[in-house]
Amino acid sequence: LRCFKNIGVTGVDILMEHYRKVSSHYIEDAPLPNEIRVLSSARITELISQIIRTMNENLETGVVVSACGSHVTKVVTIVEKIKNKYPDTIKQHSFIKYNRVEDLWTPDMDGLDELKVVRRIPVLSITLNVTKPLDVESIQKPKGTSAPHTRKSPVTSKLHKKHQTDKPS
């Protein structure tokens, strides 16, 4: 690929048309005993409850919440919700690292070499420690009991009053 460096993206795309991805190996560290890895299929409310329970079980060591690639934003959302729910109770330590993915590409044409492409995927790990046990019940809401949003904005209230006064009696 070094000789195609000046061609640009289009030239590299044409070159890769003659290759087929054979395998992809994700190289990552072994999970810690108190680590919760966030995946795309997990629901945020369920993860928050699981993290709070794990923090209560591991008061000395805390819990590590981690995700890689596009799931990093989900981890940030979860941690911010927990910190807002329990202000002045949780300490946070963030750590960024990279996991490797090795892709093996084989050529479809004769005369081309196999390619091994190494990609680096960002991983965000956030360690949460608590100073006192957290109330697990306050974060979980029973199903079907959420009240609708009833707060009216000042603009809506003024319009409502105006329409009431404009009606003929």
Side-chain angles (χ1 to χ4, degrees), residues 1-2 5 9 12-13 15-16 19-106 114-157:
L1 285 180
R2 184 176 40 194
K5 185 164 66 171
V9 176
V12 174
D13 288 343
L15 176 70
M16 291 306 289
Y19 283 88
R20 185 173 28 99
K21 188 190 281 191
V22 176
S23 65
S24 188
H25 298 287
Y26 188 74
I27 302 168
E28 63 181 331
D29 299 332
L32 300 170
N34 57 343
E35 182 177 11
I36 296 174
R37 293 192 175 173
V38 176
L39 304 173
S40 62
S41 61
R43 299 185 70 194
I44 289 179
T45 53
E46 293 169 0
L47 285 168
I48 290 173
S49 300
Q50 181 184 1
I51 291 167
I52 291 172
R53 280 192 304 274
T54 307
M55 281 195 295
N56 280 334
E57 294 168 2
N58 302 310
L59 287 176
E60 295 83 26
T61 59
V63 64
V64 178
V65 186
S66 64
C68 67
S70 61
H71 309 302
V72 167
T73 56
K74 198 173 207 180
V75 167
V76 172
T77 301
I78 290 168
V79 169
E80 289 301 317
K81 284 186 176 219
I82 293 172
K83 285 173 45 180
N84 287 337
K85 181 71 178 172
Y86 302 104
D88 303 326
T89 309
I90 297 176
K91 295 178 183 176
Q92 169 185 343
H93 177 74
S94 301
F95 181 71
I96 299 173
K97 65 178 184 174
Y98 292 90
N99 284 345
R100 291 181 6 191
V101 176
E102 294 181 355
D103 297 327
L104 184 62
W105 295 77
T106 58
E114 277 191 349
L115 294 177
K116 181 179 178 183
V117 179
V118 179
R119 296 181 287 138
R120 292 175 32 168
I121 298 177
V123 177
L124 176 65
S125 296
I126 300 176
T127 304
L128 298 174
N129 293 315
V130 294
T131 56
K132 60 182 180 179
L134 304 175
D135 182 19
V136 178
E137 306 304 321
S138 66
I139 198 77
Q140 295 175 338
K141 295 179 183 175
K143 291 183 179 178
T145 60
S146 61
H149 183 67
T150 57
R151 182 179 167 208
K152 293 182 182 176
S153 70
V155 175
T156 309
S157 298

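Computed from a predicted model, the values in this text were never measured in an experiment.
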- Item | side-chain hydrogen bond (donor to acceptor under 3.5 Å, both in side chains) partners of residues 35-44, not counting sequence neighbours, each pair once |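 The answer is Glu28-Arg37, Glu35-Arg37, Glu35-Ser66.
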Return the set of residues passing side-chain hydrogen bond (donor to acceptor under 3.5 Å, both in side chains) with [X] (not counting sequence neighbours), or none when no residue passes.
X	value
Tyr26	Asn99
Lys97	Asp29
Thr73	none

Counterpart residues, side chain to side chain contact (heavy atoms under 4.5 Å, CB included), relative to [X] (two or more places apart):
X	result
Thr54	Ile36, Gln50, Asn58, Val63
Glu57	none
Thr77	Ile44, Lys81
Ile27	Arg100, Glu102

Quick one: [atom1] on [X] to [atom2] on [Y], what's the gap to the nearest 0.5 Å?
X	Y	atom1	atom2	answer
Leu115	Arg20	CG	CZ	13.0 Å
Phe95	Leu124	CZ	CG	10.5 Å
Thr106	Tyr19	OG1	OH	9.0 Å
His71	Ile78	NE2	CD1	11.5 Å

- Task: State whether the number of non-hydrogen atoms from other residues, nucleotides or ligands found under 6.0 Å of Asn84 atom CG is greater than 12.
- Result: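 Yes, CG of Asn84 has more than 12 neighbouring heavy atoms, counting only those of other groups under 6.0 Å.
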Atom of [X], atom of [Y] and distance for their closest heavy-atom approach:
X	Y	result
Gln92	Ser94	NE2-OG, 3.0 Å
Cys68	Val123	CB-CG2, 3.6 Å
Val72	Pro122	CG2-O, 4.3 Å
Gly62	Asn34	O-ND2, 2.7 Å
Thr127	Thr61	CG2-O, 4.4 Å

- Compare all side-chain heavy atoms of Trp105 with those of Val117 and state whether any distance is below 4.5 angstrom.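 Result yes, sub-4.5 Å side-chain heavy-atom pair found.
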- Message: Walk me through whether Glu114 and Leu104 qualify under side-chain contact (heavy atoms from CB on, under 4.5 Å).
- Response: CA-CA 7 Å; Glu114 277 191 349; Leu104 184 62; 3.9 Å; yes
- Task: Let me know which of Thr89, Asn129, Leu128 forms a side chain to side chain contact (heavy atoms under 4.5 Å, CB included) with Met55.
- Result: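 Answer to the side chain to side chain contact (heavy atoms under 4.5 Å, CB included) test with Met55 among Thr89, Asn129, Leu128: Leu128.
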- Name all residues meeting the salt bridge (charged side-chain N to carboxylate O under 4.0 Å, His left out) criterion together with Lys91; count only those two or more places apart in sequence or in a different chain, and write none if there are none.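 For Lys91, no residue satisfies salt bridge (charged side-chain N to carboxylate O under 4.0 Å, His left out) once neighbours in sequence are set aside.
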- Could you walk me through whether Tyr86 and Ile52 pass side-chain contact (heavy atoms from CB on, under 4.5 Å), step by step? CA-CA 10 Å; Tyr86 302 104; Ile52 291 172; 3.6 Å; yes
